[in-house]
Undergrad: 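What follows is a structure written as structure tokens; I'll ask about it next.
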Amino acid sequence: MRPPDRSIEQALIGWLPRQRWFAGKGRPITGVRIVTGTELTAPAAGSAAGGPGLRHTLVEVSQDGDRDIYQLLLGFRDHLPDRLRYAEILASDGTHVYDAVHDPELTAVLLRNIAAQAEVHPLSFHRVPGATIETELTSLVSSAEQSNTSLVFGETYIYKMFRRITPGVNPDLELNLALTRAGSVHIPRLHGWAEMRLGDDVATVGMLSEFLRTATDGWQLATTSVRDLYASDPLVPAEQAGGDFAGEAERLGTATAQVHRDLAEAFGVRRVPPQALRETAARMVEHLDAACADVPELAEYAEAIKAAYRELAELQRPVSVQRIHGDYHLGQVLRTERGWVLLDFEGEPARTPAERQAPAHPLRDVAGMLRSFEYAARFLLAGHREPVSGPREDSGQAMLLEGRAREWADRNRTAFCRGYALGGGPDPDAHRVLLRAFELDKAVYEVRYEARNRPSWLHVPLGTLPHLTR
Ligand SMILES: Nc1ncnc2c1ncn2[C@@H]1O[C@H](COP(=O)(O)OP(=O)(O)O)[C@@H](O)[C@H]1O
Ligand SMILES: O=P(O)(O)O[C@H]1O[C@H](CO)[C@@H](O[C@H]2O[C@H](CO)[C@@H](O)[C@H](O)[C@H]2O)[C@H](O)[C@H]1O
């Protein structure tokens with residue numbers, strides 16, 4: 001017999017904070033309520049009766065007066081095989097309740113439903129016109145560090161199951177659909193999606209795309225290049241050291257500009273008066289104040305950061321805004337045989353849905369990627385922080401590597417901006433005040449993000465601030 005909902009809700013209070021994708025870490029959960037439960041198991045032909053059950057579930061999680069909705073796939077079995085033990089959430093009344101994303105026997109229904117454009121009220125599954133979907137593939141949970149959960153089917157598809165559900169079309173799907181219609185080569189091919197009714201609205205719950213099997217992500221490529229530079233003879237300049245990334249950085253800049261152009265064509269461009277920049281600067285000050293309250297180490301840079309925001313507020317020119325990526329960094333781009341491909345148009349996970357969808361200046365994305373170059377250059381310095389106060393030769397080594405990090409970040413920054421301008425984007429060199437303010441705002445976001453999610457990384461964005469606030 002299946003345990004009652006209230007036992008499952010109780011078990012989820014302990015289980016949710018342990019999940020990588022759970023956005024509310026560090027804040028006590030005061031309640032979990034199952035909002036919807038939809039039976040999804042449609043046993044494949046030939047499978048045994050009485051097999052495992054799958055229930056698509058939305059839960060409302062209360063924390064500090066906030067209520068967020070999360071999506072779960074709950075599996076139910078009388079006997080839980082050893083291979084699924086680690087996914088168990090609760091065992092009660094002879095039934096095991098577990099995280100069914102790890103059970104390919106159950107997740108197969110997602111592919112079948114998308115292929116069939118099934119309606120399983122309140123869920124509905126959609127296939128992109130012209131797509132044919134192979135339904136006999138089995139899934140594995142992607143091992144990528146993610147805010148959501150992705151299932152890789154065979155080596156063919158990737159189904160991104162959005163974890164935090166908000167009413168409306170998810171911007172990731174919205175922008176992927178628009179770029180698909182524009183014929184962009186800079187996104188994975190979109191095959192389908194799943195959505196559900198949520199009150200009076202519809203909410204996107206999943207997206208099925210081409211899995212780019214042979215791709216390497218930008219972070220991996222960039223940090224390999226940084227490693228090569230650190231290991232090379234200090235007298236050899238970056239362009240001559242092995243694994244130089246500048247060519248890739250330039251091509252990435254061009255691909256970024258092309259995606260911005262397609263988004264501008266699909267969603268339009270709006271001219272906003274100088275007043276809008278004053279409002280943007282005021283919001284940046286709010287972000288900064290909130291971040292300083294959370295992370296006291298930020299306070300020593302606050303004055304210099306505010307000075308940069310004042311310069312932004314004083315700009316007397318209108319600017320053009322449009323839909324952009326919104327959370328652009330090296331982990332969101334894949335180097336493939338057909339060039340750079342962009343992923344994850346959801347915007348920053350910590351922002352509200354309205355903020356994520358608001359048109360913004362495209363240099364915000366450029367700033368995001370430039371910050372990522374700083375991260376890639378500096379994160380390997382972690383192991384070299386101690387020696388700074390150690391013996392003199394170690395401290396000399398640390399300074400040398402700091403210099404190498406600067407060289408790498410500057411070189412790739414220049415290359416990316418060149419590629420971006422060549423691709424038709426607004427020239428970053430001609431908008432220095434704007435770009436600097438965006439970089440600082442992103443750095444502030446990152447300090448807060450790391451403090452909350454990966455405290456051992458906090459030194460990375462903090463370590464970039466002396467240079468950025470000079
Ligand atoms: N189409 C794809 N092909 C290959 N790998 C992918 C694809 N989509 C995503 N990935 C991998 O999964 C990771 C997380 O994807 P992403 O969409 O950014 O998820 P999240 O929003 O949950 O962080 C990416 O960094 C990439 O390594
Ligand atoms: O990829 P997500 O949408 O989950 O974005 C969040 O997590 C990112 C880290 O996984 C975080 O990115 C920061 O760390 C990256 C290195 O891991 C670095 O390349 C980025 O420049 C840096 O911002 C991102 O900010 C956050 O929203």
Side-chain angles (χ1 to χ4, degrees), residues 19-23 71 101 140-164 170-173 175-176 186-191 204 206-223 226 252 325-338 340-351 355-356 364-380 382 409 412-413 416 438-439 441-454 456-464:
Q19 307 312 305
R20 162 71 173 92
W21 45 263
F22 183 64
Q71 176 180 204
V101 296
L140 263 182
V141 177
S142 159
S143 58
E145 284 275 299
Q146 305 193 242
S147 312
N148 298 290
T149 299
S150 292
L151 301 176
V152 178
F153 283 91
E155 294 192 326
T156 310
Y157 307 119
I158 183 162
Y159 179 80
K160 180 167 171 178
M161 172 180 164
F162 296 108
R163 286 300 190 165
R164 195 133 61 119
N170 187 296
D172 203 4
L173 175 65
L175 269 54
N176 266 287
H186 296 301
I187 51 161
R189 264 181 288 277
L190 182 66
H191 293 292
T204 312
M207 192 169 91
L208 186 72
S209 312
E210 162 192 26
F211 179 61
L212 295 159
R213 186 174 55 86
T214 57
T216 315
D217 79 58
W219 176 256
Q220 216 174 320
L221 278 179
T223 48
V226 175
L252 179 59
H325 182 283
D327 187 17
Y328 203 39
H329 60 79
L330 282 162
Q332 312 277 41
V333 290
L334 295 178
R335 179 75 178 85
T336 73
E337 285 141 11
R338 61 172 192 260
W340 284 101
V341 163
L342 280 54
L343 305 172
D344 192 7
F345 289 81
E346 255 197 293
E348 288 166 351
R351 306 274 189 226
E355 281 174 324
R356 292 165 181 222
R364 238 189 214 287
D365 280 346
V366 170
M369 193 52 77
L370 298 181
R371 291 290 309 150
S372 207
F373 292 160
E374 294 287 336
Y375 255 72
R378 296 196 61 86
F379 111 107
L380 291 171
N412 288 292
R413 175 188 182 96
F416 180 86
F438 287 148
E439 283 181 81
D441 189 45
K442 186 76 187 183
V444 168
Y445 166 86
E446 288 165 346
V447 165
R448 215 169 176 205
Y449 176 88
E450 301 301 1
R452 282 186 181 169
N453 294 281
R454 302 186 295 192
S456 65
W457 284 63
L458 180 57
H459 70 92
V460 180
L462 282 178
T464 65

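Whatever order the structure lists ligands and atoms in, that order sets their numbers, starting from 1.
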Undergrad: Give the atoms of ligand 1, by number and element, whose distance to some non-hydrogen atom of Leu343 is under 4.0 Å.
TA: 7 (C), 8 (N), 9 (C), 10 (N), 24 (C), 26 (C)
Undergrad: Begin with the C-alpha distance, continue with both residues' side-chain angles, and end with the deciding distance and a verdict on salt bridge (Lys or Arg N to Asp or Glu O under 4.0 Å) for Lys442 and Asp327.
TA: CA-CA 9 Å; Lys442 186 76 187 183; Asp327 187 17; 3.1 Å; yes
Undergrad: Please confirm whether the backbone N or O of Pro188 pairs with a side-chain atom of Glu210, one donor and one acceptor, at under 3.5 Å?
TA: no
Undergrad: At less than 4.0 angstrom from any non-hydrogen atom of Lys160, what atoms of ligand 1 do you find?
TA: 16 (P), 17 (O), 19 (O), 20 (P), 21 (O)
Undergrad: If hydrogens are left out, which of Gln220, Arg20, Gln146, Gln332 has an atom nearest to atom 15 (O) of ligand 1, that is, the closest non-hydrogen atom?
TA: Gln146
Undergrad: Check each heavy atom of Phe379 against ligand 2 and say whether those closer than 4.0 Å belong to the side chain, the backbone, both or neither.
TA: neither
Undergrad: For atom 25 (O) of ligand 1, what is the closest protein heavy atom, and at what distance to 0.1 Å?
TA: Gly331 O, 2.9 Å
Undergrad: Suppose I only count heavy atoms of Asn148 and a 4.0 Å limit; which atoms of ligand 1 are within that range?
TA: 20 (P), 21 (O), 22 (O)
Undergrad: Taking 4.0 Å as the limit for heavy-atom contacts, which would you say applies to Asn453 with ligand 2: side chain only, backbone only, both, or neither?
TA: neither
Undergrad: Is Gln332 touching ligand 2 with its side chain, its backbone, both, or neither, if touching means heavy atoms under 4.0 Å apart?
TA: side chain
Undergrad: Going by the closest heavy atom to atom 14 (O) of ligand 2, which one wins out of Arg454, Glu446, Glu348?
TA: Arg454
Undergrad: For atom 12 (O) of ligand 1, which candidate among Ala144, Pro188, Gly218, Gly347 holds the nearest heavy atom?
TA: Ala144
Undergrad: Quick check: does any side chain N or O of Asn148 sit under 3.5 Å from a backbone N or O of Lys160, one acting as donor and the other as acceptor?
TA: no
Undergrad: With a 4.0 Å cut-off on heavy atoms, does Ser209 reach ligand 1?
TA: no
Undergrad: Does Ser147 have a heavy atom less than 4.0 Å from any atom of ligand 1?
TA: yes
